[in-house]
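Below is one structure, written out as structure tokens; the observations come after it.
Each chain gets a letter, A, B and so on, in the order its sequence line appears, and its residues count up from 1.
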Amino acid sequence: MAKKLLLIDGNSVAFRAFFALHNQLERFTNADGLHTNAIYGFNTMLDRMIKAVEPTDMLVAFDAGKTTFRTKMFDDYKGGRAKTPGEFSEQMPYIKKLLDAYGIQHYELKDYEADDIIGTLAGQADAAGYTTTVVTGDRDLTQLTTDQTTVAVTVKGVTEVERYTPEHVQEKLGLTPTQIIDMKGLTGDTSDNYPGVTKVGEKTAIKLLKAYGSIEGVYENVDGMKKSKMKEHLIEDHDLATRAKVLATIKRDAPLTVGLADLNYSGPDVDQLTDFYTEMGFQSFLKKLHVATDEPAKPIDYTVLTRDNLTQLDQFKDGKQLDFYLEMPTPNYHTSAFAGFAIGADGQWFISRDVELLLAENVQALLSSQTVKKDVFDMKRTMVGLNRLGIKLGAVDFDLLLVSYLLDTNDNSNDLGSLAEQHDYTELQSDETVYGKGVKRAIPDDDQVFFSHLAHKLAAIAALKPKLLKELTENEMAGLYDDIEKPMATVLAQMEMAGVSVDSGTLKAMGSQFKERLSEIEQTIYQEAGEEFNINSPKQLGHILFEEMKLPVIKKTKTGYSTAVDVLEKLAPQAPIVANILQYRQISKINSTYVEGLLEAIHSSDQKVHTRYLQTLTQTGRLSSVDPNLQNIPVRLEEGRKIRQAFVPSHAGWQIFSSDYSQIELRVLAHITGDHNLQQAFKDGEDIHAATAMRIFNLPSAADVTPNIRRQAKAVNFGIVYGISDYGLSQNIGITRKQAKSFIDAYFREYPGVKTYMENIVKTAREQGYVETIAHRRRYLPDIKAKGFNQRSFAERTAMNTPIQGSAADIIKIAMIKMQDRLKAEGLKATMLLQVHDELIFEAPKEEIPVLEKLVPSVMDSAVKLDVPLKVESHFGDTWYDAK
DNA sequence: GATGTCACG
DNA sequence: ACGTACGTGACATCC
């Protein structure tokens, strides 16, 4: 196995940890009065790094004492430093004790600093082909960076690190890692108290090194430099620079008495660590430790169900409730195999791997019964799964997944075990623990292991039901659950099962056209660039555009030059290659995601795609769609829109019918803010963007609203919904920040109710910790009180946006439930297929189209009663493309 | 697995 | 001065 070495600069990280938690110094003491903040912080860092690196070998290096070869060389090395606080020193022995419990080597060497130990080992590790990570709080160690050695420097506290690779050093400083030593030589180091060349700081040093490569190079050329103060200083301080370089150079050949062979890391000694945490009073680590150490599952009673004992289930016939769980090993329940099931109540659990047993008459009767209530985890998944076996699931009472999502959208997991644990039910292991993860994930062969896991799942559902339903009622969300989300799950299951027919012939034809065009554009681009490269690689593309072709850099990303559309659009006039790249990107996106991706998703059995709507994912209450995502099929640009021609009705003589809410979010805004002017505009049926334009730009008549002015007003309207900032608006429509600010001020002046609402909703969020939608859907916003401006601002914008986006989601969900009822009640063949946030898409026999044209809008616009009217527009045609 | 990019509302 | 629009998912690249 590949060796991965983690080297930690003990003193430096401990010191960082001490100061990161310095303001909490008095909170962090154990029963004996020992300060523990540095130990705690060190442990946190250790856990994170071990998790991130997954090292096979580890060592923590410490400084040995006051004197080192550096102080021998220069008395005042690290002189003038403030005395180490006693509260810090007292913790050092315990950090070493912590390391012992972790089974991690630690080492110090007389006359050498921790850096030198690390430098030496990292060098040996590179030579031996290890991958090495160095953790330190000291930027100087970045000189150790190589292709195999990454240096992670702590920033802000100890848990966040900046990773230096040779590329990152190059990008940040424009230097190679070894040139960092020369830089330190030129600049000196005030914290280590040694001077370099007078008046030479980082900037000057980098410039010199870029020109001459090294300190030696600088001095070889110093005579030829033109006369300047800098030249004088360089000559005058030559000795200082030479000495500083030696001081800054980390030893790669310290006489260590440990070697790579001694560093094997195989995990902590849990007993020893438990004792240590107990001594330190680290409750949270104690808890984590015992969660992390896969405790064996608690024994649980269950009965293996067979053909011979099926009648035992008849005891539940007259029962009021029954727990049921159907295990499918992969996420996509439209295609997953069946691994088994569990059924029962009140601690009587019946388990089997054989889902055929569910087809037995008495079992089917229980599942489809309208009087025997079922408690499950993920009813939609269960319904679709059972449907594949030809079984209906009737009368679901409690869906643990759905309820726990509603209670807190933040901690939603799709794993029953993790979810149960979040609600303090710890007897159920996670699927990852029992089944494994990644390629190793598999249903256990061992019946005992698998069956007890399934039995535990039922036990968890049963145990959590009363508690969670009580919380739901306390939070006024019982109605949301009973009247919206639960029926919604059934409707969604039906839509998913129905699926949408996709004409693969159309897609394939489009695909070959796209491929042809792509290779043409590709050749043009290569010619314009003068070389071949991977256009899909932002890294290579950035190199070509900004280094080879020297185009101006407009925006940078974390890792390099940004090549996003807005950047490329600005560059397009300067070089023809840019327009071609944009074209290439557009087509390649359409082809890979929507032609090839969609073709992959077509079920060969019925030539349809069956998406899965994720009902318990978004923070606002919207749905999301995966596998394939049918909520982002292109529409804005004609090129992509053509993809919709491949979405066709599943029967001859049928058509696609679509209805969408017009401006639903702005209508919701008008409703919940109660703003008179905004409400009036909708009541009068005005063009809302034009109306806003007239108001904020103070235009006398509708004739004065030019398309451009309307576009700007539209952006302001959107901005308001998103929780506006002047900067955001200015970026969006390309105006100055000041102009944007004046637009916003004007908006709030004209719509004062909106202003009051925005102020109040943020205040409410701060006071109660959450915001809610018209259907009482909650979103908790813990960051609303965050110290960081950025975090807090984000939470504030979210507080403004969520009630709007979320209420719109509530409305269309209600409409969908009513719609499905009406289709059935009216005896229509029309089928609801898709939901795209504010629109519903159906397929129907041509004859039913006139019916739908009346029925769908009337159901949608009467779904809820708002203070403003809801408006719905409809379209239809032979394909989704034509329903426009 | 993270990152950048781009498709949608 | 902070550094930004809200909510999603899929793909390709590169480590």
Side-chain angles (χ1 to χ4, degrees), chain A residues 52 131 147 150 163 165 167-168 409 438 533-542 555-568 581-582 585-598 600-601 611-614 617-637 639-641 643-644 660-661 663-665 669 715-733 737 740 744 779 787-806 808-809 812 834-839:
Chain A
T131 309
D147 286 339
T150 308
R163 292 171 178 282
T165 56
E167 293 76 41
H168 187 62
T409 53
F533 64 102
N534 188 341
I535 307 170
N536 283 321
S537 161
K539 198 175 153 195
Q540 294 183 34
L541 180 60
K555 203 166 74 180
K556 287 198 134 198
T557 66
K558 264 185 261 195
T559 53
Y561 309 107
S562 170
T563 64
V565 240
D566 55 326
V567 172
L568 295 190
I581 290 164
L582 283 166
R585 280 249 181 95
Q586 198 200 328
I587 298 172
S588 121
K589 170 86 180 181
I590 298 170
N591 194 48
S592 64
T593 304
Y594 299 105
V595 176
E596 287 171 1
L598 210 51
E600 280 291 304
T611 188
R612 280 176 297 135
Y613 288 104
L614 305 187
L617 181 131
T618 70
Q619 299 296 309
T620 54
R622 274 191 176 181
L623 301 173
S624 92
S625 157
V626 294
D627 213 6
N629 181 355
L630 294 181
Q631 291 183 317
N632 71 348
I633 303 299
V635 67
R636 294 193 243 237
L637 299 172
E639 296 266 44
R641 190 176 196 148
I643 292 290
R644 294 180 174 223
D660 64 284
Y661 283 111
Q663 313 291 1
I664 188 165
E665 293 196 342
L669 178 73
V716 176
N717 277 332
F718 271 105
I720 295 292
V721 169
Y722 293 154
I724 202 155
S725 78
D726 50 11
Y727 181 87
L729 181 62
S730 73
Q731 285 298 298
N732 192 291
I733 50 178
R737 207 167 155 161
I744 296 166
R779 178 172 184 179
K787 289 270 186 299
F789 173 88
N790 215 11
Q791 264 188 317
R792 192 177 60 247
S793 303
F794 188 66
E796 286 170 0
R797 291 197 293 274
T798 312
M800 299 186 240
N801 172 263
T802 296
I804 303 167
Q805 192 183 118
I812 195 164
L834 298 170
Q835 186 250 46
V836 191
H837 310 305
D838 64 358
E839 72 181 307

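Residue-level contact check: A:Val721 touches neither bases nor backbone, having no heavy atom under 4.0 Å from any strand. Among the atoms of the strands shown, only primed sugar atoms or phosphate atoms (P, OP1, OP2) are found under 4.0 Å from some heavy atom of A:Ile633. Residue A:Asp726 is out of contact with every strand shown, counting any heavy-atom pair closer than 4.0 Å. Residue A:Leu614 is in sugar-phosphate contact alone, with no base atom involved, counting any heavy-atom pair closer than 4.0 Å across all strands shown. A:Gln619 comes within contact range of the sugar-phosphate backbone alone, with a heavy-atom separation under 4.0 Å but no base atom that close. Using a 4.0 Å heavy-atom distance criterion, A:Arg636 is classed as a base contact. Looking at heavy-atom distances under 4.0 Å, A:Ser562 makes contact with sugar-phosphate atoms alone, never a base. Looking at heavy-atom distances under 4.0 Å, A:Asn732 makes contact with a base. The residue A:Ala715 sits close to a base: some heavy atom pair falls under 4.0 Å. Looking at heavy-atom distances under 4.0 Å, A:Gly719 makes contact with a base. Within 4.0 Å (heavy atoms only), A:Ser625 reaches sugar-phosphate atoms of the nucleic acid but no base atom. Among the heavy atoms of the strands lying under 4.0 Å from A:Gln540 are primed sugar atoms or P, OP1, OP2 only; no base atom is included. Using a 4.0 Å heavy-atom distance criterion, A:Asn632 is classed as a base contact. No contact: A:Ser588 has no heavy atom under 4.0 Å from any strand.
Applying the 4.0 Å criterion to OP1 and OP2 of C:dG7, one finds that A:Arg779 has a side-chain N or O inside that range. The side chain of A:Lys539 places an N or O atom within less than 4.0 Å of a non-bridging phosphate oxygen (OP1 or OP2) of C:dC15. Taking only side-chain nitrogens and oxygens, A:Ser793 never comes nearer than 4.0 Å to OP1 or OP2 of C:dT4. The shortest distance between the side-chain N/O atoms of A:Thr620 and the OP1/OP2 oxygens of C:dT8 is not below 4.0 Å. Residue A:Asn534 has a polar side-chain atom (N or O) positioned under 4.0 Å from OP1 or OP2 of C:dT13. Distances shorter than 4.0 Å separate none of the side-chain N or O atoms of A:Arg797 from OP1 or OP2 on C:dA5.
At a cut-off of 3.5 angstrom, the base of C:dT4 holds at least one donor-acceptor pair with the side chain of A:Ser725.
Here the separation of C:dA5 from B:dT5, taken at their P atoms, is 14 Å to the nearest Å. For C:dC2 and B:dC6, the C1' atoms lie 29 Å apart once the distance is rounded to whole Å.
In this structure, CD in A:Gln663 is found 9.5 Å from CG in A:Asp838, a value given to the nearest 0.5 Å. Once rounded to the nearest 0.5 Å, the distance linking CD of A:Gln805 with CE of A:Met800 reads 14.5 Å. Atom-to-atom distance recorded for A:Gln586:CD and A:Leu637:CG is 5.0 Å, nearest 0.5 angstrom.
Taking only side-chain atoms of A:Thr618, from C-beta outward, the nucleotide of C:dT8, C:dA5, C:dA12 with the closest atom is C:dT8.
Taking the 5' to 3' direction, DNA chain B first and last meets chain A under 4.0 angstrom from a heavy atom at B:dT3 to B:dG9.
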